[in-house]
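Quick notes on the structure that follows.
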Amino acid sequence: MSLRIYNTLSRKKEEFTTIEPGKVRMYVCGPTVYADAHLGHAMSALVFDIVRRYLEYKGYEVRYVMNFTDVDDNIINKANELKVDPYNLAQHYIDGYKRNLEGLNIKPATVHPRATEDMPQIIKMIQDLITNESAYQVNGDVYFSVDNDADYGKLSGRNLQTMNAGSRIQVDERKAHPMDFALWKSAKPGEPAWDSPWGPGRPGWHIECSAMNMAHLGEQIDIHGGGNDLIFPHHENEIAQTESLTHKPFSRYWMHNGMFGLKDEKMSKSLGNMVTIDDFLAEHPGDIMRLWVLNGSYRSPLTYSEAVIEQTTQGYKRLLSAKKPALPGAKGLPESALGALASAAESARNAFIEAMDDDFNTASAMSTVYELGKQINQARADGATDDQLKIVQSAFNELTGTLGLQLEEEKLSGSNADAFIDLLISVRRELRAEKNWAMSDKIRDELKKLGVNLEDSKDGTSWNWDA
RNA sequence: GGCGACGUGGCCAAGUGGUAAGGCAGGAGUCUGCAAAACUCUCAUCAUGGGUUCAAUUCCCAUCGUCGCCUCCA
């Protein structure tokens, strides 16, 4: 049983093999940092976090690079508007992004390079491309020449003849070919600039990813990821730049996640129709967003709606229920029932791996997790003890943990409410003994409003924080 | 105009050439003083029209619809 990954380059699922045995070199395009990150960024970051975690589960050592693009028109414009240094502005949003990633339980990348800190590599790469005749300079600008790249367009399935360059924006007539793109832009007044052989300026959008790949992972990598809106032109151009120099296949697998949308259009900074990660996390646990992503296919679009968030929250509560301990008066299952539990755990694990091996089919993997959860709850209802539940719960924790789900009950931060809630419950127990239903129901209702759910059973009352 | 993806129950969403996982919601029950949770049972013929096949939701063609990219974008 081996892992298969859908490769955008071949538009097929391919068996996954690495350049170096046991090791994965993986690069994911991070955001351009000039605004708060939105749920589209969250989706992409979650998708590749899940990929990374599963590869690690399979035993690979993953070197994971996620960059920050911190030179770009939007950043410069915004910094000028606010009269702040662009570097500091970018830093502000990088800090925010990292905080968001943490809130979503996304593991930090092995390296988080930013373009402005790899400037020597970028300039060197441009120089080599010029030497190579893959690029040319015009008055301090440097362009990549698509005509000199025989297989330009192979990732996005386009060819230069049928592409409609200039149909929507004015083409700079200094370019040799309309599709040529900037590697280096000469500085205009009021812009940050770096010295280069072509005069002061700054890198174009695509070169920094090629250079950072080269600097942090080498000439060839195993997985390159990002949103499918990056296929063209960004990733196409990355391939063109890197392969024109190395003459070797750049990334073995190109993975692209679907777009996160708001109603009928994708969420994006330029459209201004975004829900930020901060907004979301203020209202919901990070697990909800992750579960939402897991419930579908990473290559398909996801559409924002309150109803779906609500549904996901209910599903999340169901998962939490599987983690609960044995019932208060649990008598234990007979020895004969334990074998079935062990084999349920084992077959769930196998089904999970089979699903994930098929291009990270998380929706299918989740169905086995839900079923395992049901088996846990059945065992509990039948009187299993904590030790017996552990047989299945340990597998449940292993699988949900692999997907990056935390499944920890919400706690009020820094609160020591537990003792007070326990006190109220013991008072209520006496009220119930006296059949004072009015008062005991009132306590339950009022606690509910405060986010505490009481659950009565024959053998006592348990409680939990509302998700 | 070009490239690509998609259309599965009220909602979200897997999947397969031989009559369709899972979650949410709904219905019926068990438990409970009631409620909640949990458990049990229940709930679809897969956009439309053709074609291939012993057999298609799954393959092919067409139509309709939706979305992404071709400009910055995860």
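Each chain gets a letter, A, B and so on, in the order its sequence line appears, and its residues count up from 1. These numbers come from the heavy atoms of this one structure, side chains and all, not from hydrogens, waters or symmetry mates. Worth saying up front: this structure is predicted, and the values here are computed from it rather than measured.
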hbond_proxy A:N361 side chain to B:G15 base (donor-acceptor, 3.5 Å cutoff): no
Aromatic centroids of A:H206 and A:H235 separated by under 6.0 Å: no
Taking atom P in both B:U58 and B:C46, compute the distance separating them and give it to the nearest angstrom. 9 Å
Within the 4.0 Å heavy-atom criterion, would you say A:L454 contacts the bases, only the backbone, or no part of the nucleic acid? base
B:G65 to B:C31 separation - C1' atoms, rounded to the nearest Å: 48 Å
Using a 4.0 Å heavy-atom cut-off, does A:E310 contact any base of the nucleic acid, only the sugar-phosphate backbone, or nothing at all? nothing
Heavy atoms under 4.0 Å, any strand shown: does A:S268 hit a base, just sugar-phosphate, or nothing? base
Check whether any side-chain N or O of A:K374 sits under 4.0 Å from OP1 or OP2 of B:A38, and answer yes or no. no
If you take atom types as modelled and just measure distance, does the side chain of A:R432 reach the base of B:G33 with a donor-acceptor pair under 3.5 Å? yes
At under 4.0 Å between heavy atoms, what does A:F260 touch on the DNA or RNA strands: base, sugar-phosphate, or nothing? base
Counting any heavy atom closer than 4.0 Å, what does A:D456 reach on the DNA or RNA strands: base, sugar-phosphate only, or nothing? base
For A:R299 and B:G15, give me the distance from atom CZ to atom P, rounded to whole Å. 9 Å
What nucleic acid atoms does A:G225 come within less than 4.0 Å of, heavy atoms only: base, sugar-phosphate, or nothing? nothing
Between atom CE in A:M259 and atom C1' in B:C72, what is the gap in whole Å? 13 Å
Got a donor-acceptor pair under 3.5 Å from the side chain of A:R11 to the base of B:C3? no
May I ask you to verify if any side-chain N or O of A:Q314 is less than 4.0 angstrom from the OP1 or OP2 atom of B:C12? no
Under 4.0 Å from OP1 or OP2 of B:C39: is there any side-chain N or O of A:N377 that close? yes
Distance between the C1' atoms of B:A13 and B:U52, in whole angstroms? 30 Å
Is the distance between the ring centroids of A:H112 and A:F68 less than 6.0 Å? yes
Which whole number of Å gives the distance between the P atom of B:C41 and that of B:G4? 46 Å
Does the side chain of A:N228 get closer than 4.0 angstrom to OP1 or OP2 of B:G4 through an N or O atom? no
Need one value for A:H234: base, sugar-phosphate or nothing, where a base atom within 4.0 Å counts as base even if backbone is also close, heavy atoms only. nothing
What nucleic acid atoms does A:S297 come within less than 4.0 Å of, heavy atoms only: base, sugar-phosphate, or nothing? sugar-phosphate
Taking the same atom, P, in B:C43 and in B:G27, what whole-Å distance lies between them? 16 Å
Mind checking A:K448 for me? I need base, sugar-phosphate or nothing, with any heavy atom below 4.0 Å counting as a touch. nothing
A:R158 side chain: which of B:U40, B:C70, B:A38 is closest? B:C70
I'd like the C1' distance from B:U53 over to B:U57, given in whole Å. 15 Å
Closest nucleotide among B:A74, B:G33, B:A36 to the A:H38 side chain: B:A74
Atom CG of A:L101 and atom P of B:A74 are separated, to the nearest Å, by 13 Å
Using the six-membered ring for Trp and the full ring for Phe, Tyr or His, decide whether A:Y370 stacks on the six-membered base ring of B:G23 (centres under 5.5 Å, planes under 30°). no
Only pairs with both distances under 3.5 Å count, Watson-Crick or wobble alike; so what is the partner of B:G65 in this structure? B:C6
Determine the interplanar angle of the A:W292 and A:F260 rings, folded into 0 to 90°, and report it as parallel if under 30°, tilted if 30 to 60°, perpendicular if over 60°. perpendicular
Roughly how far apart, to the nearest Å, are B:G22 and B:G15 at atom P? 15 Å
Could you walk me through whether A:Y304 and A:E306 satisfy the side chain to side chain donor-acceptor pair (under 3.5 Å) test, starting with their C-alpha distance in whole Å, then the side-chain angles of each, then the deciding distance to 0.1 Å, before giving a yes or no? CA-CA 7 Å; A:Y304 181 91; A:E306 292 295 338; 3.1 Å; yes
Can you see whether A:F48 has A:R53 sitting over its ring - NZ or CZ less than 6.0 Å from the centre and within 45° of the normal? no
Less than 3.5 Å between a donor and an acceptor, one on the side chain of A:Q311 and one on the base of B:G23, is that the case here? yes
Pick the C1' atom in B:G17 and in B:A56, then give their distance to the nearest Å. 6 Å
What's the closest nucleotide to the side chain of A:A363 if the choices are B:A21, B:A38, B:A74? B:A21
Measure from the side chain of A:Q378, starting at C-beta and using heavy atoms only, and say which of B:C39, B:A74, B:C70 lies closest. B:C39
Nearest-neighbour nucleotide for the A:K266 side chain, B:A74, B:G33, B:C39 considered: B:A74
A:V308 vs A:S440, nearer the 5' end of RNA chain B by closest nucleotide: A:V308
If we ignore angles and hydrogens, is there a donor and acceptor under 3.5 Å between the side chains of A:R299 and A:S297? no
If we count only N and O atoms by modelled type, under 3.5 Å, do the side chains of A:T276 and A:H38 hold a donor and an acceptor together? no
Quick one: is B:A74 close enough that its OP1 or OP2 comes under 4.0 Å of any side-chain N or O from A:T32? yes
Are A:M439 and A:R432 close enough that some pair of their side-chain heavy atoms sits under 4.5 Å apart? no
Of A:D358 and A:G227, the one whose closest RNA chain B nucleotide lies more 5': A:D358
How would you label the contact of A:G296 with the nucleic acid (heavy atoms, under 4.0 Å): base, sugar-phosphate, or nothing? sugar-phosphate
Can you check whether any acceptor in the base of B:G22 is under 3.5 Å from a donor in the side chain of A:N295, or vice versa? yes
Among B:A74, B:C72, B:G22, which nucleotide sits nearest the side chain of A:C29? B:A74
Are any of A:R444's side-chain N or O atoms less than 4.0 Å away from OP1 or OP2 of B:U32? no
Take the angle between the ring planes of A:F360 and A:Y54 and call it parallel below 30°, perpendicular above 60°, tilted in between. perpendicular
Across the strands shown, which category fits A:N257 at heavy-atom distances under 4.0 angstrom: base, sugar-phosphate, nothing? base
